[in-house]
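What follows is a single structure, written as structure tokens, with notes after it.
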Amino acid sequence: MSKEIKRDLPILSLHVIMALTSLTARQIRYYEKKGLITYHRSKGNQRIFSLNDLDELVFIKEMLESGESIKNIQNYWHKHKNMQQNLTFKTISDQEAREIFRDEMMRDLEVGKNKLD
DNA sequence: ATTCTGACA
DNA sequence: TGTCAGGA
């Protein structure tokens, strides 16, 4: 048996995600509608979250709190997916990708601030 | 008991 | 974003 945790397994309830991220149900659903993230669904159409979803939501939350726009986060996310497709020889984890893009966005934010100064 | 979607006094 | 309705 693998020692790795199955981070893709959809097992967490909305209630748990709310407690873990301090986001409201409204926000968690809104980010999905805006195309920032996709969740699994139960047979009763209820959202079921994986640990990766949890990480992604925390990532989105941090970016928004940094002043990043929804559209900007979308763009970076698309770049993330394209990068994963192109990296046939090297596998990059979702966590690593988020760190890379967080740094990238933070840098862009700094550039924007300098322009405003 | 919980969550879902749509809508807005 | 909050919140309420009406249904699953």
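Letters go in sequence order (proteins before strands), and every chain restarts at 1. Just so we're clear, the structure is a prediction, and the values are computed from it rather than from any experiment. Heavy-atom basis, side chains included; hydrogens, waters and symmetry copies ignored.
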Practice problem: Report the distance from atom CG of A/D8 to atom CG of A/N52, rounding to the nearest 0.5 Å. | Solution: 4.5 Å

Self-check item: Euclidean distance, A/E96 CD relative to A/E99 CD, rounded to 0.5 Å
Solution: 7.0 Å

Quiz item: Ignoring hydrogens and angles, are the base of C/dT3 and the side chain of A/R26 linked by a donor-acceptor pair under 3.5 Å?
Solution: yes

Quiz item: Nearest-Å distance, CD (A/Q27) to P (C/dT3)?
Solution: 12 Å

Quiz item: Taking atom P in both B/dT2 and C/dG6, what distance in whole Å separates the two?
Solution: 22 Å

Quiz item: Touch check for A/Y31, heavy atoms < 4.0 angstrom, all strands: base, sugar-phosphate only, or nothing?
Solution: sugar-phosphate

Quiz item: Within this structure, what is the NE2-to-C1' distance between A/H15 and B/dT2, rounded to whole angstrom?
Solution: 10 Å

Quiz item: For B/dT2, does either OP1 or OP2 sit under 4.0 Å from a side-chain N or O belonging to A/S13?
Solution: no

Quiz item: What integer distance in Å separates A/N45:CG from B/dT2:C1'?
Solution: 13 Å

Quiz prompt | A/T24 backbone acceptor or donor facing A/Q27 side chain under 3.5 Å | solution = yes

Practice problem: For A/R29, answer base if it contacts any base atom (sugar-phosphate contacts may also be present), sugar-phosphate if it contacts only those atoms, and nothing otherwise; contact means non-hydrogen atoms under 4.0 Å. | Solution: base

Self-check item: Under the salt bridge (charged side-chain N to carboxylate O under 4.0 Å, His left out) test, residues paired with A/R26 that sit two or more places apart
Solution: none

Self-check item: With A/S50 via side-chain hydrogen bond (donor to acceptor under 3.5 Å, both in side chains) - residues at least two apart
Solution: A/D53

Quiz prompt | Candidates C/dG2, C/dT1, B/dT3 - which lies nearest the side chain of A/Y30 | solution = C/dT1

Quiz item: Whole-Å distance between B/dT2 C1' and A/K43 NZ?
Solution: 19 Å

Exercise. Just call it for A/S42: base, sugar-phosphate, or nothing, with non-hydrogen atoms closer than 4.0 Å on any strand.
Key: nothing

Quiz item: Closer to the 5' end of DNA chain C via nearest nucleotide, is it A/G44 or A/L64?
Solution: A/L64

Quiz item: What is the distance from CZ of A/R41 to P of B/dT3, rounded to the nearest Å?
Solution: 13 Å

Quiz item: Going from OH on A/Y39 to CG on A/L14, what distance comes out if it is rounded to the nearest 0.5 angstrom?
Solution: 8.5 Å

Quiz prompt | Between C/dT3 (C1') and A/I28 (CD1): distance, integer Å | solution = 16 Å

Self-check item: Distance, rounded to the nearest Å, where A/K33 contributes NZ and C/dG2 contributes C1'
Solution: 14 Å

Quiz item: Where each pair must be Watson-Crick or G-U wobble with both distances under 3.5 Å, what dot-bracket representation of DNA chain B is obtained, with crossing pairs in [ ] and other-strand partners as |?
Solution: .|.|||||.

Quiz item: Can you tell which of B/dT5, C/dT1, B/dT3 lies closest to the side chain of A/R47?
Solution: B/dT5

Quiz item: Could you state the CD-C1' distance from A/E32 to B/dT3, rounded to the nearest angstrom?
Solution: 13 Å

Quiz prompt | Side-chain ion pair, A/R7 and A/E56, N-O less than 4.0 Å | solution = no

